[in-house]
Amino acid sequence: MAKHADRTYDPVAIEREWQARWDRDGTNSFTLDELRTAERPFFNLMMFPYPSAEGLHVGNIYAFAGADVHGRFKRMQGHDVFEPIGFDAFGIHSENFALKAGVHPMDLIPANVANFTRQLRRMGGMFDWAHTVDTTDAEYYKWTQWLFLQLFKHGLAEQKEAPVNWCPSDMTVLANEQVVVGACERCGTPVEQRFIRQWFLKITDYAGRLLDNLPHIDWSETTLKAQRAWIRRSRGARISFPVVTGADGIEEGAEQIAIPVFTTRPDTVFGATYMVLAPEHPMVDTVTTDARRTEVDAYRARTRAMDLVARQKVEKNKTGVFTGGYCMNPATREPVPVWIADYVLMGYGTGAIMAVPGHDERDFDFANTYELPIVRVVAAEGEDADTPLDIAYEYPRGRLVNSGPYDGLSPSEATGAIVDDLATRDLAESRVNYRLHDWCISRQRYWGPPIPIIHCDSCGPVPVPEEDLPVVLPRVEDFRPDDTGISPLARVRDWYEVPCPSCGRDATRETDVSDTFLDSAWYFLRYPSTDFGDRPFDDDITRRWLPVDTYIGGNEHAVLHLLYARFVTMALSDMDRVDFEEPFKQFRAHGLIIREGAKMSKSKGNVIVPDPIIEQYGADTFRLYLMFLGPFMAGGDYQDQGISGPHGFLHRLWESVVPQKGELPEHAIDPKLEQKLHRTIKRVTDQIANLRYNTAIAAMMEYLNAARAGGRTPCRVEVEPLVCLIAPFAPHMAEELWERLGHEGSIFDGANWPQFDADKAVEEEVRVAVQVNGKVRGTVSVPAGADRDAVIALARTEDNVARHLKGMEVRGVIHVPDRLLNFVAAREAVSSTL
RNA sequence: GCCGAGGUGGCGGAACCGGUAGACGCGAAGGUCUCAAAAACCUUUGCCCUUGCGGGCGUGAGGGUUCGAGUCCCUCCCUCGGCACCA
């Protein structure tokens with residue numbers, strides 16, 4: 001063939017050609033019909049990128065290459081692998097970049113997407129370009145808005161007041177990461193909290209299920225751990241502390257107002273010597289006495305002036321003020337003072353605590369600072385009711401003391417008894433609490449999908465009718481956040497002024513846009529259904545392709561993205577829109593690439609730019625090297641010179657299949673090499689399946705080294721299987737070599753993964769290490785499976801072994817078949833020698 | 001502080017279930033080819049002693065279990081990642 005006249009390995013030319021052929025032949029894309037009928041569907045998902053202006057960075061390529069290797073491997077084993085990619089292009093990153101660069105995001109994003117697309121093709125990913133997604137495309141976010149409406153209609157979306165970071169100088173809302181040590185990252189003005197009405201999705205309704213499903217999904221252990229910690233279930237009780245009315249003394253009467261607290265330690269309620277409310281707690285005004293009001297208001301103002309991050313710093317000393325009010329401890333029936341302090345958070349539990357300084361470190365600190373009483377109510381072994389407390393005793397072990405009728409009970413016994421007894425007076429109930437908060441999706445920003453709600457004075461919040469979707473984000477030239485503190489969309493009067501869909505009266509659109517995490521919470525559902533303009537996802541297609549078989553991505557999304565996607569899927573499942581609860585059967589977190597021991601960052605100037613490397617070595621070499629750096633799930637250290645190893649390997653492989661002079665020999669396989677080949681097939685197959693790419697590559701290198709040892713020329717049947725084994729890593733080269741070996745069509749069509757044959761992998765001769773008292777003194781070659789006595793006999797003839805056994809009495813022999821022989825020996829007693 | 005992962009040659013990293021530590025690759029040294037260089041190929045390469053044969057030491061530190069420990073147990077040190085006043 002004339003086109004194969006050139007025998008040198010030219011990665012750039014080969015890669016360009018095969019990428020064009022894949023496009024032309026539709027090698028990697030599915031038609032709608034193929035999607036409908038695929039017999040062994042395998043959905044191979046990776047986290048779609050945010051298309052930055054800088055282009056793909058190595059971290060992206062590392063993640064995508066690793067996922068692509070997995071997808072190509074599955075495909076070669078005969079699966080119909082669907083491997084889509086898309087662009088997560090809404091959000092504050094794009095918006096901020098656009099602001100800085102003075103470009104409109106509607107112009108910026110398409111350019112970035114085009115550049116990303118070029119780079120993604122160039123790295124040789126098996127992407128289905130017929131099924132991509134761009135979250136900023138109205139054809140996509142129409143369905144993001146639809147999703148919001150479904151959640152709204154099922155009572156899973158509601159408006160609540162919530163604090164935001166507010167920069168009083170820029171007059172704008174800031175995200176937590178835009179706050180640097182309590183100040184606005186742009187102007188340095190101290191940030192304060194403001195309360196505004198925002199939309200929340202009620203993920204907390206699903207907290208229990210989201211937690212309880214975790215043991216049943218095949219995810220990286222670290223990711224499961226992170227989710228568990230994030231949701232965090234606490235079992236305990238809600239206990240009511242009735243407010244004591246009147247200036248002094250207790251008025252026990254009916255109809256008293258009570259303040260509920262949440263506690264995990266109801267057994268310590270007799271030690272609750274004071275109460276603390278969060279400064280924002282709605283009961284603060286009620287309990288505060290006139291005498292204390294000035295001080296209380298000042299403290300609340302001070303708390304509000306703190307940004308949300310600083311508010312939760314642990315290191316600072318605890319502060320608080322007394323409100324002047326009292327509540328009755330329902331167990332002791334004694335009045336306890338009510339304080340406010342910022343160490344109590346409004347967002348958790350009831351926003352109020354019963355403080356048990358004897359048995360809680362935080363309360364202990366606070367009590368010491370403000371000289372509040374500390375009472376011991378649990379005594380550990382060797383302690384009694386009067387043993388002084390130097391520090392809080394937090395363990396639920398010991399016996400109750402100073403607790404009236406409950407004295408002597410263990411903490412767990414007391415927990416049940418106390419809750420039951422208080423329950424009879426309607427003052428307690430068992431309760432499970434979650435750390436997980438509802439998901440705030442409101443963004444007072446421009447670059448996102450408008451939340452499809454219309455506010456009407458008479459009807460309240462009315463959903464935009466589904467047939468009116470999408471609510472198109474209008475092109476606004478001046479999209480800067482401004483001094484109103486609300487979304488820039490609130491300046492576009494002819495956009496937001498609309499009739500109420502329900503009553504027809506004048507109404508206004510919601511001007512907040514939604515969080516990007518909502519865009520990405522369902523994109524995997526859209527991919528296989530992008531052929532449909534009239535529905536977000538098609539039932540038949542979804543049944544066939546989902547849930548996702550493998551999802552590979554970074555652990556930085558272990559919590560938010562993955563949790564939101566699970567929540568949305570679970571909610572859709574409850575609405576009977578999908579027939580599964582969990583979207584991702586398998587999730588694997590990949591590691592991170594560092595460079596020569598240091599984290600890559602723009603500021604250090606040690607970022608790897610992929611394009612020049614691909615130009616110099618080719619995408620195949622780059623992919624292979626990235627996968628060779630270290631275990632995929634652990635990451636690796638990019639050393640600039642290291643790429644020459646994999647590059648040389650590909651050259652040698654090429655040279656072995658396409659000899660520079662002469663023809664590829666056709667003779668039979670060398671028997672020794674055949675054993676090694678089959679052991680290599682097994683190792684590579686097992687290791688790729690477990691994402692142990694680095695050792696899979698090492699095994700292939702070892703095999704090729706053996707096939708070429710001492711300048712040997714391998715024959716066709718010795719190298720052909722290696723072309724298949726390398727294909728997931730170096731797809732372009734594999735295609736080219738496959739064709740040069742005389743095959744028609746793509747190597748990825750037709751289940752070409754080599755078959756492992758156990759019979760052909762057995763070794764006839766093995767080397768057995770011989771030890772004397774655990775130290776290796778020699779090795780012997782024996783037939784595989786040789787028995788103990790034969791190995792012992794042979795081992796004794798080894799000079800060095802014999803020398804070490806001289807004058808020794810062998811007391812035992814350990815034999816590990818085919819591996820090791822160990823003589824356990826001691827110096828002979830003189831009397832026993834001949 | 002809590003949780004998780006980890007500490008192995010000059011470097012990145014291997015080592016199944018406790019069984020020859022250092023696979024594979026980089027780097028380094030020597031060699032072949034070349035006018036020369038690059039590339040390619042071959043050999044050597046954990047440290048120490050020894051001309052050689054061989055011997056001693058060696059997987060963060062210290063103990064333990066075992067015929068045998070990178071691997072199991074205990075104590076401690078360090079690095080990285082996550083969570084962090086969640087009652």
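Throughout, a chain's letter reflects where its sequence line sits, starting with A, and its residues are numbered from 1.
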Residue-phosphate contact under 4.0 Å: [X] side-chain N/O, [N] OP1/OP2:
X	N	answer
N800(A)	G55(B)	yes
S234(A)	A87(B)	yes
N694(A)	G25(B)	no
R777(A)	G56(B)	yes
R435(A)	A84(B)	yes
R767(A)	U20(B)	no
K225(A)	C83(B)	no
R228(A)	C3(B)	no
H804(A)	G55(B)	yes
K775(A)	C57(B)	yes

**Message:** So N822(A), base contact, sugar-phosphate only, or nothing? Heavy-atom distance under 4.0 Å.
**Reply:**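 Contact class for N822(A): base.
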**Prompt:** Pick from Y625(A), F632(A), F622(A): which one makes a ring-ring contact (aromatic ring centres under 6.0 Å, His included) with Y62(A)?
**Reply:**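 Single pass found, and it is F632(A).
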**Request:** Please assess R265(A) against D360(A) for the test salt bridge (charged side-chain N to carboxylate O under 4.0 Å, His left out), listing each intermediate value before the final yes or no.
**Result:** CA-CA 10 Å; R265(A) 293 293 303 277; D360(A) 182 285; over 6 Å; no
**Prompt:** For the side chain of Q639(A), counting heavy atoms from C-beta on, which of C24(B), C83(B), G12(B) is nearest?
**Reply:**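 Out of C24(B), C83(B), G12(B), the nucleotide with an atom closest to Q639(A)'s side chain is G12(B).
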**Item:** Listed nucleotide nearest any side-chain atom of T264(A), set C85(B), A87(B), C3(B)
**Value:**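 The nucleotide sitting nearest to the side chain is A87(B).
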**Item:** Gap in Å between the two C1' atoms, one belonging to G19(B) and one to G70(B), rounded
**Value:**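 My reading of the C1' atoms in G19(B) and G70(B) gives 13 Å.
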**Prompt:** Are there more than 12 heavy atoms of other residues, nucleotides or ligands under 6.0 Å from atom NZ of K160(A)?
**Reply:**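 It does: K160(A) NZ has more than 12 such atoms within range.
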